[in-house]
Amino acid sequence: SPITSRHVLAGKALACFATSLTVMVFLVLVGRVVFAQRLFDGPRFAAAAVAVAFAFVGLMMFVSTLGRTEQAVSGSGWALFLIMGMFGGAMVPLFIMPEWMQRVSDFSPVKWGILALEGATWRQFSWAELAKPCGVLVGIGAFFYGLAQLTFRTR
């Protein structure tokens with residue numbers, strides 16, 4: 001076959017990206033229909049959703065290269081994402097955490113994802129305010145996708 005490992009990884013990333021965006025749109029639609037939640041700005045939400053999907057696709061592609069079996073990848077993925085969720089504010093809101101945990105949360109893409117989506121929906125961030133969390137998310141996605149390509153190629 002004329003495809004390379006880069007093509008294989010890019011195909012998996014594209015499927016993951018499409019699935020992530022589909023889930024986010026579906027959840028927004030459920031929020032709108034069931035809970036009468038309204039979006040304050042659709043374009044800002046779209047930008048935040050794309051940035052979040054990009055970051056977590058990069059992370060997922062990296063996690064997929066951490067093991068040789070499905071069980072190994074699954075275990076390492078659960079461990080990694082559980083820690084990121086705990087420190088990122090998915091389990092306990094950041095404002096309740098001690099100050100040192102709030103500083104550590106800066107290294108969790110979950111924090112930046114929550115901030116971007118909240119900023120685009122409820123907090124009514126300006127484009128300038130939304131640029132930082134979205135930029136961090138795109139940087140995380142690009143870094144981990146590059147690392148995944150390197151790891152996948154060397155195996």
Side-chain angles (χ1 to χ4, degrees), residues 6-66 73-74 76-152:
R6 284 186 140 162
H7 294 115
V8 172
L9 198 62
K12 291 176 184 265
L14 186 60
C16 187
F17 185 77
T19 303
S20 296
L21 285 179
T22 301
V23 167
M24 282 189 267
V25 168
F26 175 75
L27 289 174
V28 166
L29 290 175
V30 168
R32 175 78 177 136
V33 171
V34 176
F35 301 109
Q37 175 64 44
R38 65 183 179 100
L39 283 177
F40 290 106
D41 190 350
R44 283 187 182 92
F45 173 77
V50 166
V52 168
F54 188 81
F56 283 96
V57 165
L59 276 163
M60 287 305 299
M61 294 303 104
F62 173 68
V63 167
S64 75
T65 64
L66 291 179
V73 170
S74 176
S76 58
W78 270 103
L80 184 65
F81 286 110
L82 182 66
I83 291 169
M84 285 191 294
M86 287 182 355
F87 280 99
M91 296 180 182
V92 175
L94 290 174
F95 72 91
I96 294 175
M97 292 181 182
E99 187 178 330
W100 70 270
M101 284 182 79
Q102 291 180 20
R103 283 193 301 262
V104 171
S105 75
D106 287 342
F107 295 99
S108 173
V110 173
K111 171 198 175 171
W112 298 105
I114 290 171
L115 187 61
L117 291 172
E118 281 184 355
T121 54
W122 297 296
R123 295 184 184 190
Q124 299 180 16
F125 278 7
S126 68
W127 282 106
E129 292 170 315
L130 193 59
K132 182 178 180 180
C134 287
V136 169
L137 289 166
V138 169
I140 288 169
F143 173 78
F144 281 104
Y145 185 77
L147 198 58
Q149 282 189 338
L150 182 67
T151 305
F152 192 62

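Everything quoted here is computed from the prediction, not taken from an experiment.
Heavy-atom neighbours of W78 CH2 from other residues, nucleotides or ligands within 6.0 Å: at or below the threshold of 12.
Residues F81 and M86 fail the side-chain proximity criterion, which asks for heavy atoms closer than 4.5 Å. A heavy-atom distance below 4.5 Å is not found between the side chains of R32 and Q37. When side chains are defined from C-beta on, L82 counts as touching M91, because their heavy atoms get closer than 4.5 Å.
Considering all non-hydrogen atoms of both residues, A116 and L137 come closest at CB-CD1, 3.9 Å. Heavy atoms only, all atoms of each residue included: L9 and Y145 are closest at C-OH, 3.8 Å. Taking all atoms of both residues into account, the shortest heavy-atom contact from S64 to M61 is OG-O, 2.6 Å. Between L59 and P109, the shortest heavy-atom distance links the atoms CD1-CG, 3.4 Å.
In this structure, the side chain of W112 does not engage the main chain of C134 through any donor-acceptor pair within 3.5 Å. Under the 3.5 Å distance criterion, the side-chain polar atoms of S108 are left unmatched by any main-chain donor or acceptor of S105. A side-chain donor-acceptor contact under 3.5 Å links E129 to the backbone of S126.
Distance CD1/I140 to CE/M84: 9.0 Å, rounded to 0.5 Å. In this structure, the separation between OG1 on T65 and CZ on F144 is 10.5 Å, given to the nearest 0.5 Å. In this structure, the separation between CZ on F143 and CG on L147 is 5.0 Å, given to the nearest 0.5 Å. A distance of 12.5 Å separates NZ in K132 from CG in L130, rounded to the nearest 0.5 Å.
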Listed pairs under 3.5 Å, donor-acceptor, residues 95-102 side chains, sequence neighbours left out:
residue: E99; atom: OE2; partner: R103; partner atom: NH1; Å: 2.9
residue: Q102; atom: NE2; partner: L94; partner atom: O; Å: 2.9
residue: Q102; atom: NE2; partner: M97; partner atom: O; Å: 2.9

Would you mind writing out the side-chain donor-acceptor pairs for residues 42-57 within the sub-3.5 Å range, not counting sequence neighbours?
residue: R44; atom: NE; partner: F125; partner atom: O; Å: 3.0
residue: R44; atom: NH1; partner: D41; partner atom: OD2; Å: 2.0

